[in-house]
Amino acid sequence: MSVCIPFTCRGNRSIWRNNQRELSTANRIYQKESSVLQTMAPILLNATGTDHSDYIEQEEVHVKNPHLDSMEEDILYHLDLGTKTHNLPAMFGDIKFVCVGGSANRMKSFAQFIHQELGLSGDMAGIRDICAGTDRYSMYKVGPVLSISHGMGVPSMSIMLHELIKLLHHARCRDVILFRIGTSGGVGLAPGTVVITNQAVDSFLQPQFEQVVLGKVIVRSTELDKGLAEELLSCSTEIPNLPAVIGNTMCTHDFYEGQGRLDGALCSFSTEDKLEYLHKAYDVGVRNIEMESTVFAAMCHTCGLKAAVICVTLLNRFEGDQINTPHEVMLEYQQRPQFLVSRLIRKRLGLIQ
Ligand SMILES: O=P(O)(O)O[C@@H]1C[C@H](O)[C@@H](CO)O1
Ligand SMILES: O=c1cc[nH]c(=O)[nH]1
């Protein structure tokens, strides 16, 4: 069973053809005898090259849970997928890039956009939501790109990531890069600027993510891939009208008081207190504020996944709290991280120079 969208690529696509050949072999073997699949080598594609010699073994996705091995079946409840009900290696084994963002509609539009950008054939108008059986998240697969929504805030992102990382593990994906493409409030930047995260910091401006486990606090590093951030910044210089900077991103657990807004239903501080906090953040390199980057960075880092956070700023928080940007302008802003990630993906696939 496969929900992959049929595609053919134009131009230099040797990696793709080889990859697809291996994938259809995987499908055939599974259909014949599913147990064979357990021992079959995963697709070994170095996504940075275009040459056949680039087929070298790369990083696999490490789940850090010894209990998983002894489970007969793993149900990815919120994704409506499972190891017994779905042939995960055949469905997802060729995934190399995973893009996540808060809104289901944005991630559907991104799937349609990346389909066009990769020059794939097939009808995208009726693209199927792989998670349609649950209304928690939406997921679309376009060739080697997976596009998934994560909802708002750390808990929603965390649940999605647990199941996504297990999915990549069960599918035996290798050399996968994850991108969060989102929106944020800017700190001292013109609205529309794209911030590529250097470090994700918490509300105390610490580069860490705290999770309460069995009543104790576990602290995880929020380190992101510096090389990937530089590569994205370099891509931004090749796209007209796409202002981008590398900066630190503050992740909060609330949009209103948690981000120092004066316009929520509750507010316990003055305008001066707000500005003092934002200036303190600015002084340690924070250039934008959103609500998922720390858990995203921490979980990817712990599982050995390369990751980047790319969020456009919708307003400058030194100047206000309300988001009053016209709808069309907002839509254009939201596409900026998508343009950037698309350019990087196409470069890595050898589709453009
Ligand atoms: O994925 P997006 O960019 O929508 O996420 C940001 C952070 C919150 O989830 C949300 C608040 O509006 O936007
Ligand atoms: O100010 C903002 C804008 C978008 N998302 C946020 O979390 N904050």
Side-chain angles (χ1 to χ4, degrees), residues 98-111 113 136-140 146-161 164 178-197 200-203 205 209 222 232 244 247-265 267 274-275 277-278 281-282 286-297 299-300 307-327 329-341:
V98 179
C99 298
V100 306
S103 123
N105 275 335
R106 190 195 310 150
M107 298 323 287
K108 181 177 181 180
S109 304
F110 176 71
F113 168 67
R136 298 295 186 180
Y137 303 107
S138 289
M139 178 193 284
Y140 302 92
L146 201 61
S147 176
I148 314 171
S149 67
H150 55 65
M152 285 199 283
V154 162
S156 185
M157 169 69 104
S158 166
I159 294 165
M160 190 281 285
L161 277 180
L164 169 68
L178 278 82
F179 304 94
R180 163 160 150 72
I181 44 177
T183 61
S184 61
V187 184
L189 294 175
T193 307
V194 172
V195 179
I196 303 160
T197 305
V201 301
D202 63 16
S203 301
L205 304 172
F209 173 66
T222 53
L232 284 159
N248 293 342
T249 296
M250 178 159 70
C251 176
T252 67
H253 292 301
D254 173 46
F255 183 84
Y256 287 98
E257 281 186 297
Q259 296 188 4
R261 276 190 159 81
L262 300 162
D263 62 344
C267 186
K274 164 197 158 175
L275 289 174
Y277 182 61
L278 292 183
Y282 185 89
V286 169
R287 292 295 175 271
N288 66 338
I289 310 174
E290 47 77 272
M291 296 177 60
E292 292 87 13
S293 58
T294 49
V295 68
F296 175 77
M299 288 184 72
C300 290
V309 178
I310 308 108
C311 291
V312 70
T313 61
L314 302 181
L315 75 169
N316 180 357
R317 289 297 316 288
F318 284 144
E319 284 167 11
D321 296 335
Q322 296 254 301
I323 300 180
N324 48 21
T325 319
H327 186 66
V329 178
M330 289 262 285
L331 283 182
E332 194 275 313
Y333 283 175
Q334 287 190 33
Q335 286 173 339
R336 293 181 179 186
Q338 303 182 20
F339 291 154
L340 201 47
V341 168

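Whatever order the structure lists them in is the order used to number ligands and atoms, beginning at 1.
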Starting from atom 13 (O) of ligand 1, which protein heavy atom do you reach first, and at what distance in Å? T183 OG1, 3.3 Å

Determine yes or no for a side-chain-to-main-chain donor-acceptor pair under 3.5 angstrom, with S149 supplying the side chain and S138 the backbone. yes

among protein heavy atoms, the one nearest atom 12 (O) of ligand 1 is F255 CE1, 3.7 Å

Can you sort out the partners of F113 under ring-ring contact (aromatic ring centres under 6.0 Å, His included), two or more places apart, ordered by chain and number? F339

Atom 8 (N) of ligand 2: which protein heavy atom is closest, and how many Å away? Q259 OE1, 2.9 Å

Determine whether the side chain, the backbone, both or neither of R261 has a heavy atom under 4.0 Å from any heavy atom of ligand 2. side chain

Is D254 paired with R261 through a side-chain N to carboxylate O contact shorter than 4.0 Å? no

Starting from atom 8 (C) of ligand 1, find the nearest protein heavy-atom neighbour and note its residue, name and distance. E292 OE2, 3.6 Å

When only distance counts, is S103 in polar contact with ligand 1, meaning an N/O pair under 3.5 Å? no

Taking heavy atoms and a distance under 4.0 Å, where does I289 meet ligand 2: side chain, backbone, both or neither? backbone

Going by the closest heavy atom to atom 5 (O) of ligand 1, which one wins out of M291, R180, E290, H150? R180

Give the residue, atom name and distance (to 0.1 Å) of the protein heavy atom nearest atom 10 (C) of ligand 1. M152 SD, 3.8 Å

Rounded to the nearest 0.5 Å, what separation is found between the CE atom of M152 and the OG atom of S103? 10.0 Å

Is there any N or O on R317 that sits under 3.5 Å from an N or O of ligand 2? no

In this structure, does ligand 2 have an atom that sits under 4.0 Å from one of the heavy atoms of L315? yes

Mark yes or no for whether E290, through its side chain, and S293, through its backbone, hold a donor-acceptor pair below 3.5 Å. yes

Please tabulate, for side-chain N and O atoms in residues 309-316, each donor-acceptor pair with protein atoms closer than 3.5 Å (sequence neighbours left out).
from : atom 1 : to   : atom 2 : distance (Å)
T313 : OG1    : A190 : O      : 3.3
T313 : OG1    : G192 : N      : 3.4
T313 : OG1    : T193 : N      : 3.3
T313 : OG1    : T193 : O      : 3.2
N316 : OD1    : G188 : N      : 3.0
N316 : OD1    : F318 : N      : 3.1

Can you check side-chain contact (heavy atoms from CB on, under 4.5 Å) on F296 and T222, steps first, answer last? CA-CA 8 Å; F296 175 77; T222 53; over 6 Å; no

Option passing side-chain contact (heavy atoms from CB on, under 4.5 Å) with C99 (candidates R180, Q338, M107, R106): M107

With no hydrogens and no angle check, is any side-chain donor or acceptor of R317 less than 3.5 Å from a backbone partner on I289? no

In ligand 2, the atoms that come under 4.0 Å of a heavy atom of M291 are 7 (O)

Check each atom of ligand 2 against the heavy atoms of E290 and keep those under 4.0 Å away; list them by number with element. 7 (O)

Give me the nearest non-hydrogen protein atom to atom 4 (O) of ligand 1 as residue plus atom name, then the distance to 0.1 Å. R106 NH2, 2.8 Å

Say whether, by atom type as modelled, one donor and one acceptor occur between the side chain of D321 and the main chain of L262 under 3.5 angstrom. yes

The one among G185, G153, G182, G320 that brings a heavy atom closest to atom 2 (C) of ligand 2: G185

Any donor-acceptor N/O pair, E292 side chain to M157 backbone, under 3.5 Å: no

I'd like to check which ligand 1 atoms, numbered from 1 as shown, lie under 4.0 Å from a non-hydrogen atom of G182. 3 (O)

shortest atom 1 (O) of ligand 1-to-protein heavy-atom contact is with G102 N, 2.7 Å

